[in-house]
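None of the values given here were measured: they were computed from a predicted structure.
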Amino acid sequence: MFVLLAVPGLLVVVAGYVVGFAVADWVCGLLGARPGGTPELAGWLTGLLLLAVVLRLLVGRLRRRSKDGGHQK
């Protein structure tokens, strides 16, 4: 059961990491700054933020479904 939840969560974090890293690297290149560890930090923060948003949306959807009785009307 844990694997069924962990794999999609990991994919969400990786997708956020890739986007955050790319954007931070692009901004550093645009500004002419040496990136150092900035893109990696931005990637991890973006990935974890995306995971939090997705989990929040899923929990809200599950709460609404349980409030309605879980049946289609």
Side-chain angles (χ1 to χ4, degrees):
M1 182 69 179
F2 175 74
V3 172
L4 294 175
L5 296 175
V7 170
L10 182 61
L11 290 174
V12 168
V13 171
V14 169
Y17 177 86
V18 168
V19 171
F21 187 94
V23 169
D25 192 42
W26 176 72
V27 169
C28 286
L30 193 65
L31 297 175
R34 288 187 294 164
T38 302
E40 187 171 353
L41 178 63
W44 280 113
L45 291 177
T46 306
L48 293 175
L49 180 64
L50 183 61
L51 180 64
V53 168
V54 168
L55 288 176
R56 178 70 177 145
L57 290 174
L58 286 175
V59 167
R61 180 174 282 179
L62 289 174
R63 283 185 181 167
R64 271 185 276 141
R65 183 178 287 177
S66 66
K67 190 179 357 177
D68 294 339
H71 300 291
Q72 293 181 353
K73 294 183 180 184

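- Taking Ile, Leu, Val, Met, Phe, Trp and Tyr as hydrophobic and joining them when side-chain heavy atoms fall under 4.5 Å apart, one finds Leu41 in a cluster with Leu45.
- Note: Leu50 CG to Leu55 CG = 9.5 Å, rounded to the nearest 0.5 Å.
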In a table with atom names and distances, give each donor-acceptor pair under 3.5 Å that connects a side chain of residues 6-35 to protein atoms at least two apart or in another chain.
none

